[in-house]
Amino acid sequence: MRSRLFMIPSLLVAGFLPSKSDAMPIGELVSKKDPGTSVLERLRLKHIFTLAGHRSHSSHRSHSSHSSHRSSSGGGYTYRRSAPVYSPPSKVYTTPSTVYTAPAGSFATQPTVSATPTYPVTSDPATAAPLKTLPGNTAKFKRIVMQVQTALTAYGYYEGLIDGQVGPACKKALVAMQTDYNLKVTGTITPDVLNTFGIVAN
Amino acid sequence: MISLRLKVDPLPIDEPLVVRLQGPGSPARSDHDAVLAEIAPDRREYDLNGFSFGVYGISSEVIDGDVLMMLPGETTAHRLIRAGSAHNTLLVTEQCDQLCVMCSQPPKKYHTDLFEQFTLAASLAPQGAMIGVSGGEPLLHKERLFSMLEDVNAQRPDIGFHILTNAQHFSRADLERLQRLDYERVLWGVPLYSSMPETHDQLVGKPGAFASLEQGLSILMRAGASLELRTVVMQQNWQDLPALADYVSTRLSFLTVWAIMQLERIGYARMNWKETFRDTSGDFEQIARAVDIATARGLKAALYNFPLCSVPPAYQDFAPSTISDWKRKYLDFCLNCRAKETCGGFFQWYSQAEGFAFLGPL
């Protein structure tokens with residue numbers, strides 16, 4: 001079996017190209033390949049990444065900030081699943097110490113993105129449909145926005161829909177509210193806005 | 001040095017959040033884009049779907065178009081994609097089934113699965129980006145890895161991946177999926193250290209590794225995949241290099257490039273430096289022979305991570321600048337070197353005291 005496998009490229013190296021390759025139209029070189037690509041077809045083409053990547057395994061984030069490059073504490077992206085704090089650095093709260101390291105495969109139970117084969121095939125990143133937003137954060141952001149919209153309505157700044165979207169009317173309301181309360185005027189939801197309304201983000 | 005983490009104001013998140021930072025005047029192109037709202041000397045304020053957050057300490061670096069990952073409860077964000085860099089690498093797992101003597105990223109027991117975040121990050125990368133995938137051993141999470149490659153390709157066929165793997169976990173059942181991947185956009189970087197099975201197995205700390213690697217390589221070949229074979233030069237395989245060149249050029253001639261690599265002084269390689277590092281600045285003979293054999297047989301050989309002045313003039317053309325931008329440094333004498341523009345320099349953790357004996361400006 002092996003001899004047959006390895007004979008093909010050897011023939012190619014020796015200059016015995018399959019006759020089909022001569023008749024290959026130019027157009028086919030740039031068109032999207034048929035999924036059933038064989039090594040023969042591939043060898044005809046010039047590769048774009050001969051020197052594409054020269055990365056090594058030690059590319060890792062932990063290394064860039066640790067003085068010891070093989071520190072055993074804190075790997076690449078391991079993180080503590082403590083109660084997150086949404087606050088500007090000027091006033092950092094200490095969280096209750098319910099800190100534990102994420103167990104292995106902590107996200108393995110999430111629905112995978114592979115369940116969405118409906119993305120349009122396009123090579124333009126500007127028009128490509130973004131991937132599904134991660135459910136946990138989207139739902140939470142929306143809930144917080146709705147709380148803010150409700151508060152803005154109650155305080156008389158907002159008359160729009162409580163839809164969980166920070167649209168133009170909501171931004172305008174935020175600007176007015178931030179101005180009145182001597183907060184930094186951003187037109188966005190800041191920790192100050194949440195504090196003023198007593199909305200607990202976490 | 002380039003920062004791979006940035007200090008940020010934490011957002012109220014329960015799950016890891018992936019966000020792309022837009023430059024001045026650029027609107028959001030998706031829900032994952034943060035619009036630049038304000039630039040202060042040491043802080044930039046962004047608006048992500050109506051929420052404000054600040055990014056700190058980026059006075060001299062351009063971060064427009066970068067993709068960050070924020071983790072719940074953390075005030076530093078991981079800079080997954082730097083828009084201006086060709087050296088972006090995703091560390092998809094820290095688990096590994098080998099224990100190589102020169103490992104620069106020693107494995108860990110647990111896996112934090114962030115493939116969903118990486119998939120999203122890759123789909124937000126600049127046009128035509130080539131993204132590195134590393135570990136640990138990425139194929140230990142083969143299903144997740146394939147899903148990532150397929151999902152990104154489905155919506156961003158312009159994005160390429162360079163995947164570092166020991167290639168020992170492919171089976172015939174993977175052939176179809178491998179064939180469907182765009183071989184012009186997916187390059188498998190696979191290590192092979194010797195043509196002697198015992199030597200290779202010993203270096204990677206896994207009996208039977210060579211045999212499974214041969215199987216894996218044959219599957220990659222049948223799938224028409226693109227292969228970058230990677231051989232780190234060490235004292236342990238120094239004498240084997242010509243024989244390896246023979247093996248590579250007769251058995252693996254389908255490869256795209258054979259990379260002969262210098263050692264990176266970090267991780268286990270640092271621990272085992274004295275027994276492992278081969279100073280190739282004085283004696284280049286075995287590499288020269290290996291390169292000659294491969295080249296004569298029509299293969300493309302390349303020297304990775306070799307400072308140009310350590311390489312004999314006749315072979316300098318084989319040595320591109322390969323050390324990633326953020327972990328590269330130059331030595332004092334490099335200031336006067338005329339090759340500085342084309343030389344990859346040294347790893348940050350390179351030590352001249354234990355390094356090459358014969359160096360100097362060209």
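Labels below follow one simple rule: chain letters A, B, ... track the order of the sequence lines, proteins then strands, and each chain is numbered from 1.
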Checklist entry - For the atom pair CZ (A:Phe141) and CG (B:Leu17), what is the distance rounded to the nearest 0.5 Å? => result 5.0 Å

Checklist entry - Does any heavy atom of chain B fall under 4.5 Å from the side chain of A:Lys142, the backbone, both, or neither of them? => result neither

Item to check | Interchain contact, B:Leu175 with chain A, by part (heavy-atom threshold 4.5 Å) | outcome: neither

Next on the checklist: Less than 4.5 Å apart, side chain to side chain, heavy atoms only: is that true for B:Glu45 and A:Thr186?
Outcome noted: yes

Item to check | Under 4.5 Å from any heavy atom of chain A - which part of B:Phe118 | outcome: side chain

Checklist entry - What is the distance from atom CG of B:Leu48 to atom CD1 of A:Ile189, rounded to the nearest 0.5 Å? => result 10.5 Å

Next on the checklist: Does any backbone or side-chain atom of B:Met148 lie under 4.5 Å from a heavy atom of chain A? Answer side chain, backbone, both or neither.
Outcome noted: neither

Checklist entry - Between CG of A:Asn137 and CZ of B:Phe51, what distance do you get to the nearest 0.5 Å? => result 10.0 Å

Next on the checklist: Within the supplied structure, the quantity of interest is the number of heavy atoms (other residues, nucleotides, ligands) at a distance under 6.0 Å from A:Lys172 NZ; does it exceed 12?
Outcome noted: no

Next on the checklist: To the closest 0.5 Å, what do you measure between CD1 (B:Ile13) and OG1 (A:Thr138)?
Outcome noted: 11.5 Å

Item to check | Note, B:Leu11 side chain near A:Lys140 side chain (heavy atom, < 4.5 Å) | outcome: no

